[in-house]
Colleague: 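A single structure is presented below for examination.
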Amino acid sequence: MADYNHSKIEQKWQLYWEENKVFKAEIEPDKPKFYVLDMFPYPSGAGLHVGHPLGYIASDIVSRFKRNKGFNVLHPMGFDAFGLPAEQYAIQTGQHPAITTEQNIKRYKDQLKGIGLSYDWDKEVQTCDPKYYKWTQWIFSQLFNSWYNNLSNKAEPIDDLIVIFEKEGNQNVVAACDEDTAVFDVNQWNTSSDQEKAKILLNYRLTYPADALVNWCPELGTVLANDEVKDGYSERGGYPVERKKMRQWMMRITAYSDRLAGNLEKLNWSESMKEMQTNWIGKSYGCELDFKVIDKDITLTCFTTRPDTIFGVTYMVLAPEHELIDELTTPERKEEVDAYIQKAINRSERERMSEVKTVSGVFSGSYVTNPFTKEKVPLWIADYVLAGYGTGVVMAVPSADDRDFRFATYYGLPVKRVIAGTENLDDPTEIKHGKMINSGFITGMNSKDAVKATIEHAEKEGFGKAKINYRIRDAVFSRQRYWGEPVPVYFTDDGIPHLIPENELPLELPSVDEYLPTETGEPPLGRAKDWLYKGKYNYELTTMPGWAGSSWYFLRYMDANNEDTFVSPEAVKYWNSVDLYIGGTEHATGHLLYSRFWNMFLFDKGFIFHEEPFQKLVNQGMIQGRSNIIYKLKDENKFVSVGLKGDDDVIELHVDVNIVNNDILDIDAFKSWMPDYKDAEFELENGKFKCGFAVEKMSKRWYNVVNPDDVIEKYGADNLRMYEMFLGPIELSKPWNTHGIDGVAKFLRKLWGLFYNANGDFVVTDEKPKAEEHKVLHKTIQKVERDIENLSFNTSVSEFMICVNALNQLKCHKKEILEKLLVVLSPFAPHISEELWQKLGHEQSIIFASYPKFNEEFIREDEYEYPIMVNGKMRTKIKFSLDKNPKEIEAEVLENEVVKKWLNSKTPKKVIVVPKKIVNVVV
RNA sequence: GCCGAAGUGGCGGAAUUGGUAGACGCGCACGACUCAAAAUCGUGUUCCUUCGGGAGUGUGGGUUCGAUUCCCACCUUCGGUACCA
């Protein structure tokens, strides 16, 4: 074979790997394991674009590297197959989402295989497969049957809780439960009806039904996802959207807040990722304070982290969703309050949080008493207070809080300064901590001591208590959708939910005539005919969210085909937690928290043996599109090259990047792509029509999507793999530009040229390598090995280029060098490496070769060329033997002609000699 | 708004983490081969310059013998913001 024929080689080896199940991972107790995981994709209808495989290639390099290093590697792939897009397509076309999903998965798999990724496909999972979601439902059942004991700090069986209730009521139970759970004794429990008992238990279960706000679109008759809502209107159709309370299943993730936050320090994740999760969980220390409403038998409890500023409270604010608003609104204020609430409640939380420039609120007519000062303070309602955080009640201190200050300024409410130094400031919130002033018994204390003192005082007086608050909320687990896992629950006539028994799982998705809600506004499952448990009880009609299936898939991979359990103890004991997890930052606070939560729960229950699922996490950046833009003169059927557009009035049009090369437009291709312009004129510069460009999201809409299949066909999978890595650091986002790929293509041809000459003769020899050749090889081994450990793949590719260029220069065709180079290269470019490895006479796949050992001897240097700086500017370089001491170096440097010239016969103030680094002469 | 990340030649990026800024590659220019083109190979390529040198890593300050790297303030872009996945 004379030429490097990538298509032939790549097909040959992909077939070989598949037929021989080379990547099959089985438990081998005597071998160290390594689990490399990719975030599995949602198989969209558009197929993979060139941005998707970035992380997959990186993790594949690590997987192959670890195999060569002697590890038993688990490297699986699957599909997050439930989701909105397939359902949306089903609504439009009537096609069952299972069918489109299956087609999309097939396409994805073909594409992934074409890249030469070393997955063990026998371990594939699909979340929409009943064999898989049987266990998702099973985990739901386990959660339903559990409560969180804050004394043992773990999840425990609900039956144990019932035993406690039967013995002593709930007075001594310290549990994660609903805020409004009543205290009861044994008698009260034992005399309660079964229905009452069931209701009480729901307050404790780790999954439970509750009312939660959703985006309800009456016109579409459906609930919308946040990103389907734009400015209060549905993205499709533009119909008004209102926020409506609906019965939803919730997950009591808040039970795990403290462990989720605390465990982060043990994980090998980036600090920024840990910080994002920490902030999301948002643990804060503070206290609850009770404010009595004047002339009403109501006490409002607020949470605050700044009780030290209590003497600066000038008003009180309720969230517009607060349940007591009706009672707290005086008759004469009612009309205005109702109007305000109507408006405020339909604004999204994000909108309410981010619009800080405009404030809005309304006075309720009621007053409360500040428990410390006994002052009468007006009670307002404002949408900057969210019902979901704290208690939905805020004590407003305009002198110490930015939002309170803006609000008070706008509505002319008083501002009472309580921190020294703020007295004469226009904006007192510039100073938030310091010595307290105008603050009764805490005057003179610093803020920190004052916090303590006020809490102690409140506890003693009985109107407050210290409290740890979390920003994280229980997660809504219901979706009013069809294409998701059915919740394995039915309801008896008393409205009490019951689990479908384990041996009857999975509860499969029924078929429906249409994927829309029912006329009465029930979710699509309400359309299923005669769909009743035991022919008489209603099933739960909502389905599980996208994150249900993805919260435990990493466990299923270990034992993907087990029909008796979700994962066997043997498998999970051996494979344990994921050693390297690669995926996007966009999952920072969703998937990555929910997965940790479920994993922790399964650990508590003793089903698995590691508390944290992902030891090391790396976030890959996104590959953005690089769009090409052409400019058409307004009112003329004429396009101008980018350099000629000047200040003319032009219309910008996106053109398909696939008919543009190096920003030069293929005009004929353009005319057949856009027949409307087949008669247009083109004004060229230097004989070419040059396009402008923009970096934006890779999307059909901008005609900037590059399909990996096309790249592979033209350049090969090895080339695609190396080029994707060569683009830059894995964590950074960067635009895709196919032009640069030629550099890697040249590299692969040069590599091939070390084995075959231009006539197609195999030129590899058995000669002994020279010192220089060993040096080139071992420098590469050292660099690449270190780079892979640091996941710095772009610099590895550079190093390979440097290495091959150097070997070409040395005319090195020696087997001893080349075969080691192939093993080092094989994780990056596995196909060409396999082929050349075979040509060198090896019968076993390069996958099983062991990684060459780096030998320091070969790269040892005995001299170093010091850059010589004068006043921090590099002026010359001088070589010194490494055993020369700094004194000798200094003396010789000062004798150097160039240095003398710069010294200009002045005596240097100081000479800094940093061994093996630099010499700096300071004048 | 809040939380997180990033900003270095015409472009993607490198810099062993405080020590030669621009490795490697693309593009571009010139040269070789060719009747010619493509491909290939070679040389050059941060900017300014009076050819001595000067400036330079988003902007403005600071620390240091020395800053892309550390500190302070700001600007821009990207991700998340609880029902997209």
Side-chain angles (χ1 to χ4, degrees), chain A residues 39-42 44 80 82-85 212 214-215 223-229 248 270-273 275-280 282 348-357 384 388 402-403 471-481 545-547 550 584-591 593 619 621-622 624 626 662-663 693 695 697 723 726-729 731-737 739-744 746-747 749 758 783 786 792 794-795 797-802 805 865-869 871-877 908-912 914 916-923:
Chain A
M39 286 187 187
F40 64 166
Y42 174 79
S44 82
D80 187 13
F82 276 128
L84 267 186
V214 296
N215 301 311
V223 170
L224 298 176
N226 283 335
D227 64 326
E228 295 178 299
V229 182
Q248 312 273 354
S270 70
E271 286 309 311
S272 59
M273 184 60 46
E275 212 167 318
M276 271 193 258
Q277 291 214 339
T278 305
N279 291 337
W280 183 265
S348 70
E349 281 191 13
R350 190 174 322 166
E351 205 183 331
R352 282 164 58 179
M353 283 187 291
S354 53
E355 268 190 29
V356 295
K357 280 177 200 126
Y384 75 89
D402 301 305
R403 287 162 310 175
R471 201 185 74 99
I472 192 171
R473 309 196 292 249
D474 279 343
V476 180
F477 196 69
S478 286
R479 299 291 182 266
Q480 342 296 314
R481 293 287 173 178
W547 57 266
S550 59
T585 19
E586 65 270 26
H587 300 286
T589 51
H591 162 64
L593 265 177
N619 297 113
M622 304 233 297
Q624 295 147 314
R626 187 181 185 280
N662 237 330
D663 291 341
F693 73 92
V695 173
K697 212 176 173 142
Y723 184 56
F726 188 56
L727 280 177
E731 325 77 70
L732 293 190
S733 293
K734 54 246 157 185
W736 174 270
N737 189 345
H739 308 150
I741 203 168
D742 281 338
V744 176
K746 277 184 206 161
F747 160 79
R749 278 202 298 271
K783 171 96 174 115
R786 194 185 284 161
S792 172
N794 54 327
T795 50
V797 178
S798 299
E799 183 59 33
F800 283 124
M801 289 173 171
I802 292 167
N805 286 343
E865 190 175 33
Y866 281 83
I868 312 298
M869 303 173 97
N871 282 339
K873 288 257 169 223
M874 210 272 288
R875 296 305 180 185
T876 188
K877 288 181 186 178
K909 251 193 231 158
K910 208 197 258 185
V911 180
I912 291 142
V914 185
K916 246 201 131 180
K917 286 260 163 64
I918 207 164
V919 179
N920 192 8
V921 182
V922 187
V923 189

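Chain identifiers are assigned alphabetically (A, B, ...) following the order of the sequence lines, protein sequences preceding nucleic acid strands; residue numbering begins at 1 within each chain.
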Colleague: Rounded to whole angstroms, how far apart are OH on Y384(A) and P on U81(B)?
Modeller: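 Whole-Å distance recorded here is 26 Å.
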Colleague: If I take atom CG in residue N619(A) and atom C1' in nucleotide A85(B), what distance separates them, rounded to the nearest angstrom?
Modeller: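 So the two atoms are 15 Å apart, to the nearest Å.
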Colleague: Looking at every strand, decide which applies to I741(A) at a 4.0 Å heavy-atom threshold: base, sugar-phosphate, or nothing.
Modeller: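 Answer is nothing: I741(A) stays at 4.0 Å or more from every strand.
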Colleague: Stems involving RNA chain B: give each as a range paired with a range, ordered by first number, where a stem means at least three consecutive Watson-Crick or G-U wobble pairs under 3.5 Å.
Modeller: B:1-7 with B:75-81, B:10-12 with B:24-26, B:27-32 with B:40-45, B:46-48 with B:53-55, B:58-62 with B:70-74
Colleague: For the side chain of M276(A), starting at C-beta, report the closest nucleotide among C83(B), C3(B), C24(B).
Modeller: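 Output: C3(B).
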Colleague: If you pin M874(A) and L727(A) to their nearest nucleotides in RNA chain B, which one's is more 5'?
Modeller: L727(A)
Colleague: Which part of the nucleic acid, if any, lies within reach of Q277(A) when heavy atoms closer than 4.0 Å are counted: base, sugar-phosphate only, or nothing?
Modeller: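 No contact at all - Q277(A) keeps every heavy atom at 4.0 Å or more from the nucleic acid.
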Colleague: Identify which nucleotide among U20(B), A85(B), C24(B) has an atom closest to any side-chain atom of F726(A), counting heavy atoms from C-beta outward.
Modeller: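 Taking heavy atoms from C-beta onward, the closest nucleotide is C24(B).
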Colleague: Counting the atoms with a prime plus P, OP1 and OP2 as sugar-phosphate, which does E275(A) contact under 4.0 Å by heavy atoms, base, sugar-phosphate, or nothing?
Modeller: sugar-phosphate
Colleague: Which part of the nucleic acid, if any, lies within reach of H587(A) when heavy atoms closer than 4.0 Å are counted: base, sugar-phosphate only, or nothing?
Modeller: base
Colleague: Once rounded to the nearest 0.5 Å, what's the spacing between atom CH2 of W547(A) and atom CZ of R479(A)?
Modeller: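 CZ of R479(A) is found 7.5 Å from CH2 of W547(A).
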Colleague: D227(A) near the nucleic acid: base, sugar-phosphate alone, or nothing, with a heavy-atom cut-off under 4.0 Å?
Modeller: base
Colleague: Using the C1' atoms only, state how far G22(B) lies from A15(B), rounded to an integer number of Å.
Modeller: 9 Å
Colleague: Are the side chains of L84(A) and E228(A) in touch, meaning some heavy atoms are under 4.5 Å apart?
Modeller: yes
Colleague: Could you tell me which residues satisfy side-chain contact (heavy atoms from CB on, under 4.5 Å) with T585(A), sequence neighbours excluded, listed by chain and number?
Modeller: M273(A), M276(A), N619(A)
Colleague: For K917(A) and U16(B), give me the distance from atom NZ to atom P, rounded to whole Å.
Modeller: 9 Å
Colleague: How many Å lie between CG on N737(A) and C1' on G27(B), as a whole number?
Modeller: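 Result: 10 Å.
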Colleague: Any idea which heavy atoms bring K917(A) and Y866(A) closest together, and the distance?
Modeller: N-CE2, 3.9 Å
Colleague: Roughly how far apart, to the nearest Å, are A37(B) and A55(B) at atom P?
Modeller: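 45 Å, rounded to whole Å.
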Colleague: Whether the side chain of N871(A) engages the backbone of V923(A) through a donor-acceptor N/O pair (distance < 3.5 Å, no angle test) should be reported.
Modeller: yes
Colleague: Among the nucleotides G80(B), A14(B), C83(B), which one has an atom lying closest to any side-chain atom of T795(A)?
Modeller: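 Selected nucleotide: A14(B).
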Colleague: As a test of reading the structure: which of G13(B), C65(B), C83(B) is closest to the side chain of K734(A), going by heavy atoms?
Modeller: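 Nucleotide nearest to K734(A)'s side chain: G13(B).
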Colleague: Taking only side-chain nitrogens and oxygens of R479(A), does any of them come within less than 4.0 Å of OP1 or OP2 of C83(B)?
Modeller: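 R479(A) to C83(B) OP1/OP2: side-chain N or O found under 4.0 Å.
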Colleague: So which nucleotide from U81(B), G12(B), U20(B) ends up closest to the side chain of M353(A)?
Modeller: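 Within the option list, the nearest is U81(B).
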Colleague: Could you check whether any side-chain N or O of D80(A) sits under 3.5 Å from a backbone N or O of F40(A), counting only pairs where one atom can act as donor and the other as acceptor?
Modeller: no
Colleague: For G13(B) and C2(B), measure between their C1' atoms and round to the nearest Å.
Modeller: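 Approximately 32 Å lies between the C1' atom of G13(B) and that of C2(B).
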Colleague: Taking all non-hydrogen atoms of both residues, which atom of P735(A) and which atom of R626(A) are closest, and how far apart?
Modeller: CB-CB, 4.5 Å
Colleague: As a test of reading the structure: which of G13(B), U20(B), G25(B) is closest to the side chain of K877(A), going by heavy atoms?
Modeller: U20(B)
Colleague: Considering every strand and a 4.0 Å limit on heavy-atom distances, what is the contact class for W547(A): base, sugar-phosphate, or nothing?
Modeller: nothing
Colleague: Identify the two heavy atoms, one from G743(A) and one from M801(A), that lie closest to each other, and give their separation to 0.1 Å.
Modeller: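 Minimum heavy-atom contact is O-CE, 4.0 Å.
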Colleague: Establish, with yes or no, whether the OP1 or OP2 oxygen of A14(B) is under 4.0 angstrom from a side-chain nitrogen or oxygen of N794(A).
Modeller: yes
Colleague: Looking at G25(B), I'd like to know if its phosphate oxygens (OP1 or OP2) sit under 4.0 Å from a side-chain N or O belonging to N805(A).
Modeller: yes
Colleague: Could you tell me whether R352(A) contacts a base, only the sugar-phosphate backbone, or nothing, with contacts defined as non-hydrogen atoms closer than 4.0 Å?
Modeller: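 No contact at all - R352(A) keeps every heavy atom at 4.0 Å or more from the nucleic acid.
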Colleague: In this structure, how many angstroms lie between the P atom of U20(B) and the NZ atom of K916(A), rounded?
Modeller: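 After rounding, the reported distance stands at 14 Å.
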Colleague: Donor-acceptor pair, Q277(A) side chain versus A588(A) backbone, under 3.5 Å?
Modeller: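 Yes, Q277(A) side chain to A588(A) backbone: donor-acceptor pair under 3.5 Å.
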Colleague: Tell me whether the OP1 or OP2 atom of C2(B) has a side-chain N or O from R350(A) closer than 4.0 Å.
Modeller: no
Colleague: Would you please test Y723(A) and W736(A) for side-chain contact (heavy atoms from CB on, under 4.5 Å) and show each step?
Modeller: CA-CA 10 Å; Y723(A) 184 56; W736(A) 174 270; 3.6 Å; yes
Colleague: Identify whether the glycosidic angle of G52(B) places it syn (within 90° of 0) or anti.
Modeller: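 You should classify G52(B) as syn.
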Colleague: Counting only side-chain nitrogens and oxygens, does K746(A) get under 4.0 Å of the OP1 or OP2 atom of C26(B)?
Modeller: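 So the side chain of K746(A) is within the cut-off, an N or O lying under 4.0 Å from OP1 or OP2 of C26(B).
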Colleague: Could you check whether any side-chain N or O of R481(A) sits under 3.5 Å from a backbone N or O of V223(A), counting only pairs where one atom can act as donor and the other as acceptor?
Modeller: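 Yes; at least one donor-acceptor contact below 3.5 Å.
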Colleague: Where does G12(B) fall, syn or anti, if syn means a chi angle no more than 90° from 0?
Modeller: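 The base of G12(B) is oriented anti (glycosidic angle more than 90° from 0).
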Colleague: Say we look at G60(B) and G7(B): how far apart would their C1' atoms be, to the nearest angstrom?
Modeller: 16 Å
Colleague: Give the rounded distance in Å between these two atoms: CZ of R875(A) and P of G53(B).
Modeller: 8 Å
Colleague: I need the OH-C1' distance between Y42(A) and C83(B), as an integer number of Å.
Modeller: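 Going from OH in Y42(A) over to C1' in C83(B) covers 14 Å.
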Colleague: Using atom P in both nucleotides, what's the gap between U77(B) and C71(B) to the nearest angstrom?
Modeller: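 It works out to 24 Å between them.
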Colleague: Output the rounded distance in Å from CG (D474(A)) to P (A82(B)).
Modeller: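 One finds 16 Å between P of A82(B) and CG of D474(A), rounded.
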Colleague: Is there a side-chain contact between R471(A) and W280(A), using heavy atoms and a 4.5 Å cut-off?
Modeller: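 Touching, per the 4.5 Å side-chain cut-off.
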Colleague: Between the base of C65(B) and the side chain of N920(A), is one N or O donor paired with an acceptor at under 3.5 angstrom?
Modeller: yes
Colleague: Under the rule syn = chi within 90° of 0, otherwise anti, which is U59(B)?
Modeller: anti
Colleague: Categorize I912(A) for me: base, sugar-phosphate, or nothing, with a 4.0 angstrom heavy-atom threshold over every strand shown.
Modeller: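 Since a base atom lies under 4.0 Å of I912(A), the category is base.
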Colleague: In whole angstrom, give me the gap between the P atoms of G10(B) and C28(B).
Modeller: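 Approximately 16 Å lies between the P atom of G10(B) and that of C28(B).
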Colleague: Counting only side-chain heavy atoms from C-beta out, which of A85(B), G1(B), U20(B) sits nearest to P85(A)?
Modeller: A85(B)
Colleague: Scan P41(A) against the nucleic acid and name what it touches under 4.0 Å (heavy atoms): base, sugar-phosphate only, or nothing.
Modeller: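 Contact class for P41(A): none.
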Colleague: Give one of base, sugar-phosphate or nothing for E731(A), where a contact means two heavy atoms less than 4.0 Å apart.
Modeller: nothing
Colleague: Between V921(A) and G740(A), who's closer to the 5' end of RNA chain B by nearest nucleotide?
Modeller: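 Residue closer to the 5' terminus by nearest nucleotide: G740(A).
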Colleague: Distance between the C1' atoms of U68(B) and G18(B), in whole angstroms?
Modeller: 11 Å
Colleague: From A85(B), A39(B), G13(B), pick the nucleotide closest to the side chain of R749(A)?
Modeller: A39(B)
Colleague: Can you tell me how far P in G54(B) sits from the matching atom in C3(B), rounded to whole Å?
Modeller: 44 Å
Colleague: Is S550(A) touching bases, backbone alone, or none of the nucleic acid, heavy atoms closer than 4.0 Å?
Modeller: nothing
